[in-house]
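Along the sequence shown, residues are numbered consecutively beginning with 1. Counting convention: from 1, in listed order, for ligands and their atoms alike.
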Amino acid sequence: MTASPAAPAPPQGPLLSVRGVDVGYRTGRRSRSTAVHDVSFDLHPGQSMALVGESGCGKTTLGLGLLRLLPRTGVVSAGEILFRRKDGRTVDVRSLAREELRRFRWSEAAMVFQGAMNAFNPVLRIEDHFLDTFRAHERGRARRRAGIREESAALLEMVRLDPARVLGAFPHELSGGMRQRALIALALALKPQLLILDEPTTALDLLTQQAIVERLSELREELRFSMLFITHDLGLAAELADRVGTMYAGRLIETGTTRDIFHRPSHPYTSALINSVPPVSGDLVVPESLPGGPPGLSSLPPGCSFAPRCRHAVERCRETRPELEVLHTRGGGLSHAAACLRSRELAAEGATRD
Ligand SMILES: Nc1ncnc2c1ncn2[C@@H]1O[C@H](COP(=O)(O)OP(=O)(O)OP(=O)(O)O)[C@@H](O)[C@H]1O
Ligand SMILES: [Mg+2]
């Protein structure tokens with residue numbers, strides 16, 4: 001198993017500690033593909049981490065696996081998902097029984113799904129989604145509808161929506177941006193410690209995207225939840241995250257502070273991703289496109305999965321699979337690690353910065 005790159009930890013320790021997690025999908029009666037391999041990272045209270053990488057690299061699979069929200073064919077087949085609950089106890093999410101898991105979701109950790117347009121039940125008004133969420137988790141309290149309505153209205157106001165207009169509406173009556181905000185409000189309803197957002201703004205126009213991202217940042221400051229933010233938009237990652245994890249072919253291949261990742265990426269894949277983003281200001285440069293595509297999960301090359309596309313690859317890269325190795329530690333769980341046999345060498349040459 002790969003050692004965690006995040007050390008030393010702050011005194012209170014991580015909220016979420018992912019250790020050697022594999023996630024796979026059943027593809028036949030006896031066959032299974034592994035979509036996420038040996039992923040380890042820590043997320044500390046109040047921290048925000050972006051998971052970036054090309055389509056198909058396993059970001060959604062990992063996010064769903066962490067909260068055990070995978071489809072029936074999916075399974076977390078190895079590792080530990082240690083989570084420190086509000087009562088201070090640490091549990092392995094993998095070992096939670098059904099009822100515990102139900103309580104864990106929403107009240108400890110919530111997820112805003114990719115393709116959120118489909119996340120609402122089309123025949124229920126927005127108000128009823130809040131009502132269902134509260135009632136499902138507040139057995140015994142039997143709160144009156146009016147009380148829940150008031151709290152739901154406050155949550156909608158928190159994401160800058162007008163409750164008078166939104167509470168009574170059906171999902172299809174809202175714009176994409178409004179639906180996305182309503183989903184974020186719903187996810188925060190039970191004050192989870194962790195919010196996982198999967199491409200929360202991808203389908204939205206730039207201004208709406210920007211407004212949601214800004215509000216999310218403010219809310220995180222106000223409510224102090226931790227955030228795992230899945231995106232292939234590096235600009236968003238730079239804006240929202242304290243830390244970034246790059247995934248490639250199901251593995252975490254680099255983690256570091258947002259500053260480290262953008263200023264001194266240490267894996268050639270991260271550099272290529274950064275170079276493929278046109279700068280927001282300054283002269284427009286022709287983005288360097290990454291040749292080829294990621295390997296299929298069933299045909300991973302023996303050494304480094306990125307070697308076939310890497311212009312720095314040498315013979316040993318095609319033979320030995322690199323482990324995530326800590327390059328330097330900033331303290332507070334903010335180390336910089338990369339899974340590249342040549343990362344130190346390339347850094348010395350400045351090769352991963354061009
Ligand atoms: N339900 C499923 N059954 C079988 N394989 C799946 C399933 N969902 C995803 N996969 C496979 O798992 C791998 C990772 O997919 P995943 O959706 O996690 O990637 P992603 O990084 O979220 O991509 P995107 O950026 O396009 O959302 C892919 O090879 C995909 O084909
Ligand atoms: Mg995805």
Name the closest protein heavy atom to atom 27 (O) of ligand 1, giving the residue it belongs to and the distance to 0.1 Å. Q114 NE2, 2.9 Å
Looking at I230, L51, T61, which one forms a side chain to side chain contact (heavy atoms under 4.5 Å, CB included) with M247? L51
Report the C-alpha separation of R215 and E222 in whole Å, then their side-chain angles, then the decisive distance to 0.1 Å, and conclude whether the salt bridge (charged side-chain N to carboxylate O under 4.0 Å, His left out) test is met. CA-CA 10 Å; R215 192 61 197 131; E222 285 166 38; 3.4 Å; yes
Passing option when M111 is tested against L67, L66, L194 for side chain to side chain contact (heavy atoms under 4.5 Å, CB included): L67
Working note: R344 + E325, criterion salt bridge (charged side-chain N to carboxylate O under 4.0 Å, His left out); need CA distance, chi angles, decisive distance, verdict. CA-CA 10 Å; R344 287 179 200 280; E325 189 195 339; 3.0 Å; yes
Around atom 26 (O) of ligand 1, find the nearest protein heavy atom and jot down its residue, atom name and distance. S55 OG, 2.5 Å
When you measure from the heavy atoms of G53 to every atom of ligand 1, does any distance fall below 4.0 Å? no
Among all protein heavy atoms, pick the one closest to atom 18 (O) of ligand 1 and tell me residue, atom and distance. T61 OG1, 2.5 Å
Test item: side-chain donor near acceptor, T34 and Y25, under 3.5 Å: no
If you count heavy atoms of other groups shown closer than 6.0 angstrom to CD of E150, is the number above 12? no
Give the contacting part of P71 toward ligand 1: side chain, backbone, both or neither, where contact means a heavy-atom distance below 4.0 Å. side chain
Hey, is atom 31 (O) of ligand 1 under 4.0 Å from any protein heavy atom? no
Between D92 and S95, is any side-chain donor less than 3.5 angstrom from a side-chain acceptor? no
If we ignore angles and hydrogens, is there a donor and acceptor under 3.5 Å between the side chains of Y269 and E54? yes
I want to know if ligand 1 touches G58 in the polar sense, i.e. an N/O pair below 3.5 angstrom. yes
Verify, without hydrogens or angle tests, whether S17 (side chain) and P14 (backbone) share a donor-acceptor contact under 3.5 angstrom. no
Which protein non-hydrogen atom lies closest to atom 9 (C) of ligand 1, naming both residue and atom, and how far is it? Y25 CE1, 3.5 Å
List the atom of A110, the atom of A187, and the distance in Å for their closest heavy-atom pair. CB-O, 3.4 Å
For ligand 1, which part of A35 has a heavy atom less than 4.0 Å away: the side chain, the backbone, both, or neither? side chain
For atom 25 (O) of ligand 1, which candidate among M247, K59, E199 holds the nearest heavy atom? K59
So does T60 have any N/O/S atom less than 2.8 Å away from the Mg ion (ligand 2)? yes
Distance under 4.0 Å to a non-hydrogen atom of H232: what atoms of ligand 1 satisfy this? 25 (O)
Closest to atom 29 (O) of ligand 1 among protein heavy atoms sits L297 CD1, 3.2 Å
Protein heavy-atom partner closest to atom 17 (O) of ligand 1 - residue, atom, separation in Å: T60 CB, 3.9 Å
Does the N or O separation between G56 and ligand 1 drop below 3.5 Å for any pair? yes
